[in-house]
Amino acid sequence: MKRNVLRAAALALCLLSFLSSEGCSRTKAAADIPLPEHPRPDFQRKAFINLNGHWNFTFDKAKAEGPIAEYDEQILVPFPWGSKLSEVENKADTAWYGRQITVPSSWKGKRIFLVVGASDWETTAWIDGKELGNHQGGYTPFAFELTDDVEFGKAQDIRLKVADARVDWHLYGKQGYGDAKGIWQTVYLEARGGNYLSSIHFTPDIDNSLVRMDVSLDSAPAGDAVATVRFKDRKQKDVKVSFNGRQTASVDIPLKDQHLWDIDDPYLYEVSISLAVDGKKEDEVESYFGQRKVSAMKVPGQGYKYVALNNHPLYLQLTLDQSYHPEGFYTFPSDEFMKDEILLSKKLGLNGNRVHIKVEVPRKLYWADRLGLLIMADVPNFWGEPGPEARQEWESCMRDQVERDFNHPSIFAWVNFNETWGLFTNGEEGKSYTHETQEWVRSMYHLTKELDPTWLVEDNSACNQDHVETDINSWHSYQAGHRWEIMANYFDKNTVVGSGFNYIGENTVQDVPMINSECGNVWGYEGSAGDCDYSWDYHCMMDAFHRHLKIGGWLYTEHHDVINEWNGYVKFDRSEKIDGLCDFVPGMTIADFHTPYYIVPAGKICRTVPGGSVQTVKLSSSFTTDKDPGKLELATELGGWKWDGTPVELGSESMAVAFKPFELAEIGTRTVSIPSENGVYVLRYILKDAKGTVLSRNFCLFVVNDVKIEGAVPFAPASYTAAEWSVKNTVVLDSLKVNGFGHGAFEYSVTLPENLGEAKGAEIVFEASAKQLFGKDCEGNEIDGDYMLGGGTFDPCKSPNSYAMTDGVQWKSKVCIEINGIDVAAFDLEDDPADHRGVLSWNSQPAQRWMREGGSYGCLIRAEVPSELVKPGAELRIKLSAPESGNGSGGLAIYGKDFGRYPVDPCIILK
């Protein structure tokens with residue numbers, strides 16, 4: 001099991017490629033530079049030269065005004081300094097970049113620009129010692145014109161000075177996860193026309209089968225300027241629009257047999273837009289758009305709204321995407337990596353990501369467009385107060401972000417602020433979200449909608465019930481699993497149009513979709529949940545959401561782990577986590593919780609019941625789509641495993657289920673007879689269509705632990721007579737589990753009964769696992785620091801609530817069994833796991849805001865007791881030990897009948 005070690009992310013190498021004859025062939029193989037692709041598929045000219053790769057570099061602690069003369073190291077652009085992929089440590093807040101460029105002679109007659117995708121925060125440029133200009137801001141692209149200073153075909157010196165000192169009013173977002181200092185997006189040269197296309201926006205109108213194109217030039221044309229739109233598939237006619245001496249022009253383009261962009265069919269219209277002035281071609285840009293409509297609409301048959309895509313209600317199933325890389329911070333190592341980020345969400349069955357507090361890299365948005373994944377786009381925040389400088393900085397970024405990303409069909413909503421960060425003003429009575437700031441937030445909501453009327457806008461993704469005016473009534477909540485039904489019901493019942501619930505001041509609930517926009521268990525416990533099995537609480541949460549369909553969707557924290565939150569679907573290095581769901585229902589994965597054809601039980605997912613009892617479970621269908629799957633059949637199967645691990649299958653029943661779009665409907669009850677034997681029994685619900693295709697899987701659990709095991713002489717894990725360990729030993733929840741760290745042993749004394757009956761022998765049975773020493777188990781494990789800014793701890797298991805979730809790296813040990821001085825047996829312990837299979841560990845968690853080793857479990861150990869020791873009234877001195885390990889692993893955990901996976905105490909069983 002991997003613990004606190006990040007695997008190196010391989011930098012993907014791309015094959016040598018060349019630009020067209022209008023551009024310039026690259027002087028280096030693409031394999032020599034990172035991210036060699038054009039950074040903006042939505043706005044690209046053929047004449048470009050990618051300048052990523054090694055640049056000369058030096059820090060400037062003295063903050064020189066003019067170009068420095070010498071460099072002392074090299075940096076790999078476009079990775080921010082301080083990141084591992086940059087190959088440069090973070091030593092100062094100001095630095096210089098330098099390299100030689102050669103503008104090809106074939107670009108004569110064009111205007112030449114140096115374009116920087118993003119650089120944080122203040123960037124000044126020089127060519128051959130001449131200052132070109134200055135840019136402030138850290139998230140959006142900018143350019144310096146080189147035209148008057150270019151010597152075509154000759155090597156010239158480019159230098160960039162970047163200053164990035166922390167200032168409270170700068171947009172900083174979550175750079176505590178890794179400072180994105182300096183250049184962090186692709187740098188390139190570009191040739192444009194004398195008059196050139198500066199902006200192209202496509203506004204789809206699916207209701208009228210047309211798209212509106214708004215085109216802007218860098219300046220008003222001197223002659224007769226005409227823009228021509230050509231569709232690459234040639235299924236649409238070329239369209240021309242004249243500027244008539246103006247800097248802007250617009251045209252409605254009818255689309256024959258319009259092909260909509262949808263999550264399941266993300267069709268893109270690929271186009272080229274050329275500019276001619278007085279009949280001479282000046283400029284050309286390649287772009288694309290998706291023909292789609294984002295709105296809000298009433299759910300059929302219900303009194304509330306959902307977000308809608310293409311005039312169909314859409315139940316949102318999203319994840320919070322911190323969009324961070326452990327070795328590149330804001331910058332990903334390859335285009336393939338960005339594609340895989342989108343594919344991961346698709347594989348999980350999600351329909352969108354919320355890119356959190358960061359302006360996303362354009363090529364990642366391109367893959368969302370191409371592969372069909374919706375995006376909520378956050379504007380980065382400042383962490384100080386909402387003064388004039390902060391407001392100007394924020395608005396400038398928002399405007400540039402909307403301008404750059406207008407054409408991405410994947411983006412369906414802007415999120416202007418998050419959790420009121422940066423909106424509090426300090427006063428004599430503490431900090432407050434003042435009325436004046438609220439009105440500024442309202443004005444920014446309206447400005448964003450004015451700049452882009454095609455998307456929804458959130459004023460503030462709210463965790464303080466403080467909306468002002470918004471298109472999405474969002475709320476945040478982090479809870480332990482047992483509290484999710486309470487929380488979902490709370491927002492369901494209290495969200496009433498016209499009330500003040502979840503709004504601030506005199507503002508009231510409008511008739512807009514209500515969704516959860518951050519959820520999970522990561523902050524659902526006192527302090528952080530740390531690295532733990534997220535899947536159990538997730539299961540509880542998904543069942544709760546599907547009982548309350550007025551909540552139009554949810555947004556799970558998070559897509560991947562980061563340095564202080566470890567509840568991602570995958571780890572920070574994107575390696576897998578193992579949830580164990582397929583051991584309950586064959587073929588089940590976490591994606592089954594994201595089906596639009598959900599079957600949800602009444603009550604808890606796990607309940608302790610008497611052996612031999614009859615149990616009834618109410619089942620409901622919770623359908624979150626209008627896509628009719630046809631005839632449906634629900635199979636309910638009772639299976640599971642006995643206390644000794646023996647699998648059981650106890651029968652199944654089937655029932656027909658009627659499809660009711662966007663409705664929660666009771667479909668019947670299932671009555672099951674529980675065996676009169678200790679075990680974990682699984683009631684599976686498997687929904688199939690008429691072809692036998694599985695549409696959803698879910699289950700609930702029954703634990704039986706009250707039946708006496710025949711011939712068993714049990715002893716509690718904590719009833720040891722001695723415990724000697726090289727590091728320490730601990731007891732979990734009074735007596736349910738014991739842990740020994742390092743090497744050592746637990747010793748027990750067990751007395752056999754005077755009457756052995758017909759027993760001829762005996763075996764020892766117990767559940768055990770390896771045991772890692774986590775940060776929480778060490779002395780001085782207090783947690784300090786601001787988590788949101790990367791403070792606190794980088795140790796995923798320092799929180800007392802943590803217990804590292806099962807993954808692909810195992811923590812191994814061995815248990816040796818000695819009875820009355822005789823070496824009986826030794827068994828390898830393959831791991832120290834925690835996931836859904838630790839049913840009993842989860843079932844025994846108190847309904848509190850703290851967790852103790854939730855989901856942990858072991859394997860069942862069985863060994864024969866030497867026959868000469870099996871005598872009436874005999875005392876068995878049992879020693880369970882873990883030997884010293886030379887590889888840093890080791891330790892031993894012993895589980896009782898109420899903890900782990902198997903409902904059995906350590907015991908001697910007479911046979």
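If you're wondering where the values come from, they're calculated on a predicted model, not measured in any experiment.
For the 3.5 Å distance criterion, the side chains of E853 and Q845 fail to qualify, holding no donor opposite an acceptor. Counted by atom type alone, K293 and N311 present one or more donor-acceptor pairs between their side chains at under 3.5 Å. Counting only N and O atoms by type, the side chains of D592 and N698 include no donor and acceptor under 3.5 Å apart. Remark: the E458 side chain and the S474 side chain contain an N/O donor-acceptor pair separated by less than 3.5 Å. A side-chain donor-acceptor contact under 3.5 Å links Y569 and Y538. A donor atom on one side chain and an acceptor atom on the other are found under 3.5 Å apart for N521 and N567. Donor-acceptor pairing under 3.5 Å is recorded for the side chains of D898 and N705. With no hydrogens or angles considered, a side-chain donor-acceptor pair links H356 and D378 at under 3.5 Å. Side chains of K737 and S856: a donor-acceptor N/O pair is present below 3.5 angstrom, by distance only.
Ring centers of F491 and W475: under 6.0 Å apart, within the cut-off. Taking the six-membered ring where the residue is Trp, the centroids of H482 and W842 are separated by 6.0 Å or more. Checked against the 6.0 Å centroid threshold, Y895 and Y857 do not count as a close aromatic pair. Between F699 and H539, the ring center distance clears the sub-6.0 Å criterion.
D583 has a carboxylate O that lies under 4.0 Å from a charged side-chain N of R837, or vice versa, which qualifies the two as a salt bridge. One finds a salt bridge joining E518 and R354 here, because a Lys/Arg side-chain nitrogen approaches an Asp/Glu carboxylate oxygen to under 4.0 Å. Under a 4.0 Å N-O distance rule, the pair E485/R547 qualifies as a salt bridge. A salt bridge links D807 to K571: one of the charged nitrogens lies within less than 4.0 Å of a carboxylate oxygen. Between R670 and E637 there is no salt bridge, since none of the side-chain N atoms of the basic residue sits less than 4.0 Å from a carboxylate O of the acidic one. Between E649 and R684 there is a salt bridge, since at least one side-chain N of the basic residue sits less than 4.0 Å from a carboxylate O of the acidic one. By the 4.0 Å N-to-carboxylate-O rule, E360 lies close enough to K358 to be salt-bridged with it. Under the 4.0 Å criterion applied to side-chain N and carboxylate O atoms, D835 and K577 are not assigned as salt-bridge partners. Of the charged side-chain nitrogens involved, at least one lies within less than 4.0 Å of a carboxylate oxygen, so that R574 and E341 count as a salt-bridged pair. With salt bridges taken as basic N to acidic carboxylate O contacts below 4.0 Å, none links K660 and D628.
Atom CG in L320 sits 10.0 Å away from atom CE in M376 (nearest 0.5 Å). Taking CH2 of W566 as the reference point, atom NZ of K798 lies at 10.0 Å (rounded to 0.5 Å). Distance CD1/I411 to CG/N353: 12.0 Å, rounded to 0.5 Å. Interatomic distance, CG of N494 versus OG of S499, reported as 7.5 Å (0.5 Å rounding).
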**Request:** Go through the steps for R607 and V617 under the test side-chain contact (heavy atoms from CB on, under 4.5 Å), then give the verdict.
**Result:** CA-CA 11 Å; R607 56 207 84 176; V617 179; 4.2 Å; yes
**Request:** Determine, step by step, whether D531 and Y803 satisfy the side chain to side chain donor-acceptor pair (under 3.5 Å) criterion, reporting the C-alpha distance in whole Å, the side-chain angles of both residues, the deciding distance to 0.1 Å, and the verdict.
**Result:** CA-CA 6 Å; D531 184 353; Y803 201 97; over 6 Å; no
**Request:** Decide side-chain contact (heavy atoms from CB on, under 4.5 Å) for V562 and E558; before the verdict, give the C-alpha distance in whole Å, the side-chain angles of both, and the deciding distance to 0.1 Å.
**Result:** CA-CA 9 Å; V562 285; E558 53 213 319; 4.1 Å; yes
**Message:** Run F584 and W641 through ring pair (Phe, Tyr, Trp, His ring centres under 6.0 Å) and show every step you take.
**Reply:** CA-CA 10 Å; F584 297 90; W641 59 88; 5.7 Å; yes
**Request:** Check the pair N460, V468 against side-chain contact (heavy atoms from CB on, under 4.5 Å), reporting the backbone distance first and the verdict last.
**Result:** CA-CA 8 Å; N460 176 31; V468 174; over 6 Å; no
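Classification of the F545-W484 ring pair by plane angle, with boundaries at 30° and 60°, yields tilted. Using the six-membered ring where Trp is involved, Y490 and F501 have ring planes that are perpendicular, over 60° apart on the 30 and 60° scheme.
Of the candidates D459, I472, N507, D459 is the only one forming a side-chain contact (heavy atoms from CB on, under 4.5 Å) with H467. Applying the ring-ring contact (aromatic ring centres under 6.0 Å, His included) test between F662 and each of Y306, Y315, F623 identifies Y306 as the sole match. Evaluated for a side-chain contact (heavy atoms from CB on, under 4.5 Å) with T624, the options P596, P661, P313 yield exactly one hit, P596.
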